[in-house]
Each structure stands twice: as C-alpha cells, then as structure tokens.
Amino acid sequence: METLGRKEIYANIAAHNKALNAYLQIVPETAAQAGAGPLSGVCIGVKDNIAVAGLQLTCGSKLLERYVAPYTATVVERLVAAGATVTGKLNMDEFAMGSATTYSAYGDTKNPWDEERTPGGSSGGSAAAVAAKMCDAALGSDTGGSVRQPASYCGIYGYKPTYGTLSRYGLTAFASSLDQIGILTRRPGDIREIMAVAAGHDGRDATSIAAPSFAAQGFDPAKMRIGIITEYEQKMNPAVRPAYDRCIEKLKTAGATIIPLSFPEYDTVISVYQVIATAEASANLSRFDGIRYTARAEGCDFRETTAQSRGRWFGPEVKRRILLGTWVLSRAYYDSYYLRAAKVRTVILKRWQEFFGKVDLVLTPATAGIAFKRAEQPDTFALYLEDLFTIPANLTGMPAIAVPAATHDRLPVGLQLTADLSRDGMLLDAAEWLDKNFMDCATIERGCRHDTI
Ligand code: GLN
C-alpha cells in the first residue's frame, strides 16, 4: 500500500489540524515508528472510541476525558503487527451518536473542502483526516452509517464490512448488533490491503467470523446485475441525482443489467434503527457509572454518585438516547416498541436477502445531499434522517461502501454500493472499477488538501 510518508503526513497535521480539529490526540512524530510487514510505514488515524494501549480513549465524551486505554483493539493490533503506525486519535460525536461531529465534547470537526461545512459524523475526524492527507487511512465505527456518511461528505471511500469480519474487541460498544469498525481511505485498493491483515476470526469477540476473500477477482460489468431502489428516487436531492443517474448510465453502457427493486419498508428503517440502537446503547452505556472509568461526581451513595456523574458529563444527545432506549425496553412498552422493531428488522433482512437473489449489487446514494453548513445543522430528528440510505446495511449486517462520485458546487457527492453477506471482495472489485472508469477525476481530487481547494 502506498504511503504519503510520515514526514508529509506530520507536516499536514501541523498545517491543518488546528483549523480542522480532526485529531484529538497526536502521537509525536518521533514515537510513530514504522514496523516491518506489508503495511510498513502506513500511517493510520484511529477514531477515539477504538482502544490503543497508552493513548486516550475519550469517545468524544467529557466523561472519559482523562481515561487512557489499558489495551489495544484487535484490529489496531493486527495493523501494527503488519508494520503500520498509529498517528493519533480522531474526533467523533460523543459515543458515536450523531451525524456532524457537533456532539463531540471537544468541539466539532470541519470539512477540509469547506471549513464552514460539516465533515459528517460520527467518524467526522476520521474522514477529515483522510481527506486532508493527515493520515494514509483511518479507522472509524459504523452503527448506522458513521463511516459511509462522513466519507461521502469528504470525497473519500468509507467501507463497512460484513458484520463480524472486523473484530469489535477494543471498540467501545454503542449498539453491539449494529456496530462495525470500518475503514476510510482515498483509494479503494488500500481497503483491500488493510482488510487482508485486519480481518479474520478473533476469539475475543463472540460475533467475529472467518474473513471472506478479499482477493481481486476482476470486475466485469457485463456479467453484473445491479439493483436500484425505486422508492429512493424521491428521497435524493438535486445535488446527488445527476451523479446517481450518470453512474447507472455508465454501468448500463458497460453491459450491466440494471434491475429496479422495490423496498416498501424503506421508511421504517430510521424508526427501527432508533429503537434498536438506543435500546442497546442504554444497556452498553450503563458501565459508565461514575465508579469505573475516571470522572466521578461524589454523591452520598452509589445511586447519587452515578446520577451525578452521568448527569454532569454525558452530553444532551447521549442522554436523549439513553432515555429513549430505557423507555423502549421498559416492561410496559417492550412489546410495542423493542419487540416490534426487532420483528420489522427481520422483515427488512428478508427483503434484502430477496434482493440478492435477483441482483449482485445494489446501487444507492450514500447520503441524500452534500455536506451541510455547520451553522445550518438540521434539528435532532432531521439529523436522524441523514441515515436513510446507510442503515439497511447495519440492520442486515451486509457489507457496503461509500464511493466518491462527483462534485456539486465544488463539494463531494458520494454513492453507495451494498453486497450480500460475505461478498466483500466483489464489493471492493466494483468500487475499484468505478474508481477507474466512472469517477470524474477532472472534478474530484480524491483526498483534497484544504489549502489546495
Ligand atoms: N448517525 C447515526 C446515529 O446518530 C449513526 C451513528 C453511527 O453509525 N455510529 O446514530
């Protein structure tokens, strides 16, 4: 895998991080030693909810401000064993809840293409660092789209593997049945090389699976059936539509069969996701009790200490989600909310399995529009709608990748490809084909440095 070199990367960090606020902690250049192996010298930025022993693990929260990780996540361990270097910890929405990095307790991150705009979230620091060439690749986490949405807003690749392919050991849990570590890069081929060392069964994660094949098989569009979802056409805005239409046209001209699919449940995905994700979050975040993990506001007993600590240091969005999650799990409402959402999740899974009986890949936009202005952030519920196109892959566990496709008003537009479970290799083949044959290189420079735009 090609690296920009440690010197250039640290020069970029020095030049841009103050303005962009992508890194929350930077490993000093002298300590960032390259090892030997297939990823020798590759500089990796790590989202601040993934543990690296000796480095901070704030999860974007005040509650973990002084917490230092005592061990290293499996994925990071494998990358470092292959010669990669960790350059630092990247900004994020608190506990990965958000779509704009504005819910970070450490200030939001700016989009390198236009600092007045959001890089997306919750892996906004990861996407901005890759786009501004402040690392070769970054790790993020994707529960409902948090790798793919910011990748799309920053004009880079964002890949969420098949659930279980990358170990979650060392990733701070948000919603365990949806969470996956994901990878953000400027080139699709880099993802393959990172997956070749990072993927594979890990005995420390009970949901981990054997790695599917990542070897390049070559991509022949003439042999491909590409699904497009009819209901989505009403949901994309004019900034995205032309790139989507052009991509369909390009695939058609190259011989692909385009097959329209109907996804009548599409408008349930946000509610199903919010019920399941908040329910799981309310359980996962109960470990932050003011007794373990640093920050403590002393009360007269355990209950009060916990209430004081959580009340003082959790931000408003995290509190909202915990309250909602606790409520949907409560005895009176469990059947009508949590159980119902779990059933609809199965219906959605069956629908997507049915899709992959008819097509090889599904093409959709990654996001409905382009990066919005930081000053014009939509309200809480409108922000939840950001994830309309990305959530199905989390609910079903299927692999999906956001690919940079074009620009609109000098801002990146992303599309998304989804494949059936464990067809990650083919998904990456398709992304590479699009990279070579479709992406308009005259209008989009993969990985912009913000001083050159
Ligand atoms: N934007 C979504 C949310 O706020 C997704 C978050 C994620 O994928 N971590 O929940």
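Every number for a ligand or one of its atoms is a count from 1 in the order of the listing.
The 12-atom threshold is not exceeded at OH of Tyr333, counting heavy atoms of other residues, nucleotides or ligands nearer than 6.0 Å.
Between Lys350 and Glu354 there is no salt bridge, since none of the side-chain N atoms of the basic residue sits less than 4.0 Å from a carboxylate O of the acidic one.
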If you look at each N/O of ligand 1, which protein N/O atoms lie under 3.5 Å away, and at what distance?
from     : atom 1 : to     : atom 2 : distance (Å)
ligand 1 : 1 (N)  : Gly98  : O      : 3.0
ligand 1 : 1 (N)  : Ser99  : OG     : 2.9
ligand 1 : 1 (N)  : Asp387 : OD1    : 3.3
ligand 1 : 1 (N)  : Asp387 : OD2    : 2.9
ligand 1 : 4 (O)  : Gly98  : N      : 2.9
ligand 1 : 4 (O)  : Arg321 : NH1    : 3.4
ligand 1 : 4 (O)  : Arg321 : NH2    : 2.7
ligand 1 : 8 (O)  : Thr143 : N      : 2.8
ligand 1 : 8 (O)  : Gly144 : N      : 2.6
ligand 1 : 8 (O)  : Gly145 : N      : 3.3
ligand 1 : 8 (O)  : Ser146 : N      : 3.0
ligand 1 : 8 (O)  : Ser146 : OG     : 2.7
ligand 1 : 9 (N)  : Ala96  : O      : 2.8
ligand 1 : 9 (N)  : Thr143 : OG1    : 3.4
ligand 1 : 9 (N)  : Ser146 : OG     : 2.8
ligand 1 : 10 (O) : Tyr273 : OH     : 2.6
ligand 1 : 10 (O) : Arg321 : NH1    : 2.7

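Remark: aromatic rings of Phe174 and Phe95 are distant, center separation not under 6.0 Å.
With sequence neighbours left out, Arg296 forms a side chain to side chain contact (heavy atoms under 4.5 Å, CB included) with Ile291, Glu298, Thr305, Ser309.
Cation-pi geometry between Arg192 and Phe214 is not met at under 6.0 angstrom from the ring centre and within 45 degrees of the axis.
The backbone N or O of Tyr153 sits less than 3.5 Å from a side-chain atom of Asn111, completing a donor-acceptor pair.
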